[in-house]
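In what follows, a structure is listed as structure tokens, so that the remarks can point back to it.
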Number of protein chains: 2
Amino acid sequence: MQISSRFTIAIHIITCIETFKDEYKTTSDFLAASVNVNPVIIRRILQQLKKAGIVETKRGSGGAYAAKPLDEITFYDIYKAVDCVENDLFHFHENPNTNCPVGRNIHFVLDNRLHDVQNAMENKLKEMKLSDVVNDTLKLIGKEAQ
Amino acid sequence: MQISSRFTIAIHIITCIETFKDEYKTTSDFLAASVNVNPVIIRRILQQLKKAGIVETKRGSGGAYAAKPLDEITFYDIYKAVDCVENDLFHFHENPNTNCPVGRNIHFVLDNRLHDVQNAMENKLKEMKLSDVVNDTLKLIGKEAQ
DNA sequence: TATTTTGTAACACTCATTGTTACAACGAGA
DNA sequence: TCTCGTTGTAACAATGAGTGTTACAAAATA
């Protein structure tokens, strides 16, 4: 089990948009070339980011743009936008036997604990901002030029 | 995407084993009845737990038993044993374009952050002990009897 | 030896992920 | 207005993981 690559692709996309916004038109074809996947994959992810208010896209003239400052976009926003995990991170077996004392109590005992684990992860995602990723990327690109 | 139900089933299994160890022979059929799945599912998970040194099983006479004190078994041990996540929680897109400045630097920028998120989750799993789950379950069963 | 149970192979079904082609809808410039 | 580049999206295919089932040999005990 792994969290869909939509998540890392989405971060890659936004990093590209921000890095190249003044040099190139950031179309789905341009972004697809950097990520190295089919442009339709990019467009689908852009649609999800758009619905979440994270990016804007333009028909006709083309291109994608950040819809708000990158220090207001966290990994959690992206993770939610691209729908990596519906609601529950842990898949609970569907029908524990309620005739068994353990079977009819297992949910009461586990649910809170599983949510605590999921929250630990999601809270970490909330700490991370897209602006930090872009800044680090620009630094690395800058070093390359030396 | 969700973490396999093998994880919650494994916890359910061990809770059952401990709760009923003096009353019943905890065979795969018995455990399957409580979890409400096919006995082969139970046996496969028991095999994984056995390889991790968490439970023991007996052929012929039958039954499964905890291989060590439950306060020495954490959720993390189980999560590793039943192989919910191979190594990386996040699926990174395979071949970012190294001709693109962002494509060739994205791994350097993201890898540490993704590991931090994964560690946040796994550290929480390490905090949780099977003994706590069993104790809570026994309390709830006790309340039912009143 | 007979019986019970485990261990495991061999399938099959479903579903999410990822990838592809195709094309209508749209916007801007000639 | 027409053309052209681009987005938005449907439709489909391939793959792989998760889950479930039947079947049966191997082992342990009475």
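Throughout, a chain's letter reflects where its sequence line sits, starting with A, and its residues are numbered from 1.
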In whole Å, I'd like the distance from the [atom1] atom of [X] to the [atom2] atom of [N].
{"X": "Phe7(B)", "N": "dA17(D)", "atom1": "CZ", "atom2": "C1'", "result": "18 Å"}
{"X": "Arg6(A)", "N": "dT18(C)", "atom1": "CZ", "atom2": "P", "result": "6 Å"}
{"X": "Glu56(A)", "N": "dG27(C)", "atom1": "CD", "atom2": "P", "result": "14 Å"}
{"X": "Ile45(B)", "N": "dG18(D)", "atom1": "CD1", "atom2": "C1'", "result": "11 Å"}
{"X": "Met1(A)", "N": "dT18(C)", "atom1": "CE", "atom2": "P", "result": "13 Å"}
{"X": "Ile41(A)", "N": "dT20(C)", "atom1": "CD1", "atom2": "C1'", "result": "9 Å"}
{"X": "Asn36(B)", "N": "dG20(D)", "atom1": "CG", "atom2": "C1'", "result": "13 Å"}
{"X": "Phe30(A)", "N": "dG5(D)", "atom1": "CZ", "atom2": "C1'", "result": "16 Å"}

| message | Over the length of the helix from dT1(C)-dA30(D) to dA30(C)-dT1(D), how much do the five-pair end axes diverge, rounded to 10 degrees? | response | 10°
| query | Ser4(B): what forms a side-chain contact (heavy atoms from CB on, under 4.5 Å) with it, not counting sequence neighbours? | reply |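 If we apply the side-chain contact (heavy atoms from CB on, under 4.5 Å) test to Ser4(B), skipping adjacent residues, the hits are Arg6(B).
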| request: Only counting residues at least two apart or in another chain, list the ones meeting salt bridge (charged side-chain N to carboxylate O under 4.0 Å, His left out) with Lys124(A). | output: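 Here the qualifying residues are Glu127(A).
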| query | Would you say the side chain of Lys25(A) lies within less than 4.5 Å of the side chain of Phe30(A), judging by non-hydrogen atoms? | reply | no
For residues 76-84 of chain A, which side-chain donor-acceptor pairs fall under 3.5 Å, sequence neighbours excluded?
from: Asp77(A); atom 1: OD2; to: Thr74(A); atom 2: N; distance (Å): 2.8
from: Asp77(A); atom 1: OD2; to: Thr74(A); atom 2: OG1; distance (Å): 3.2
from: Tyr79(A); atom 1: OH; to: Glu122(A); atom 2: OE2; distance (Å): 2.7

| message | Can you pull out every side chain to side chain donor-acceptor pair (under 3.5 Å) where at least one residue sits in residues 26-36 of chain A? Sequence neighbours excluded, please. | response |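 As it turns out, the side chain to side chain donor-acceptor pair (under 3.5 Å) pairs with a partner in residues 26-36 of chain A, which skip direct neighbours, are His12(A)-Ser34(A), Ser28(A)-Arg43(A).
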| Residues in side-chain hydrogen bond (donor to acceptor under 3.5 Å, both in side chains) with Lys139(A), at least two apart? | none
| query | Which residues satisfy the side-chain hydrogen bond (donor to acceptor under 3.5 Å, both in side chains) test with Thr137(A), sequence neighbours excluded? | reply |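 Once residues adjacent in sequence are excluded, Thr137(A) has no partner under the side-chain hydrogen bond (donor to acceptor under 3.5 Å, both in side chains) criterion.
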| remark: Once base and sugar-phosphate atoms are separated, protein heavy atoms under 4.0 Å mark nucleotides 6-14 of chain D, 5' to 3', with B, S and - as BBBB-B---
| task | Could you please name the option among dT17(C), dG20(D), dG19(C) that lies closest to any side-chain atom of Asn38(B)? | result |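 The answer is dG20(D), which lies nearest to the side chain.
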| Which pairs, with at least one residue in residues 88-110 of chain B and sequence neighbours excluded, count as a salt bridge (charged side-chain N to carboxylate O under 4.0 Å, His left out)? | Glu144(A)-Arg104(B)
| field | All pairs passing salt bridge (charged side-chain N to carboxylate O under 4.0 Å, His left out) where residues 107-118 of chain B contributes a residue, at least two apart | value | Asp136(A)-Arg113(B)
| Can you list, by residue number, the residues of residues 85-100 of chain A that have a non-hydrogen atom closer than 4.0 angstrom to DNA chain D? | His91(A)
Ignoring hydrogens and angles, write down the donor-acceptor pairs under 3.5 Å from the side chains of residues 54-62 of chain B, residues two or more places apart or on other chains.
from: Thr57(B); atom 1: OG1; to: Lys50(B); atom 2: NZ; distance (Å): 3.1

| said: Quiz question: by atom type and distance under 3.5 Å, do the side chains of His93(A) and Ser5(B) form a donor-acceptor pair? | reply: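 No, no side-chain donor-acceptor pair sits under 3.5 Å.
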| field | OP1 or OP2 of dT19(D) under 4.0 Å from side-chain N/O of Ser4(B) | value |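 Ser4(B) to dT19(D) OP1/OP2: side-chain N or O found under 4.0 Å.
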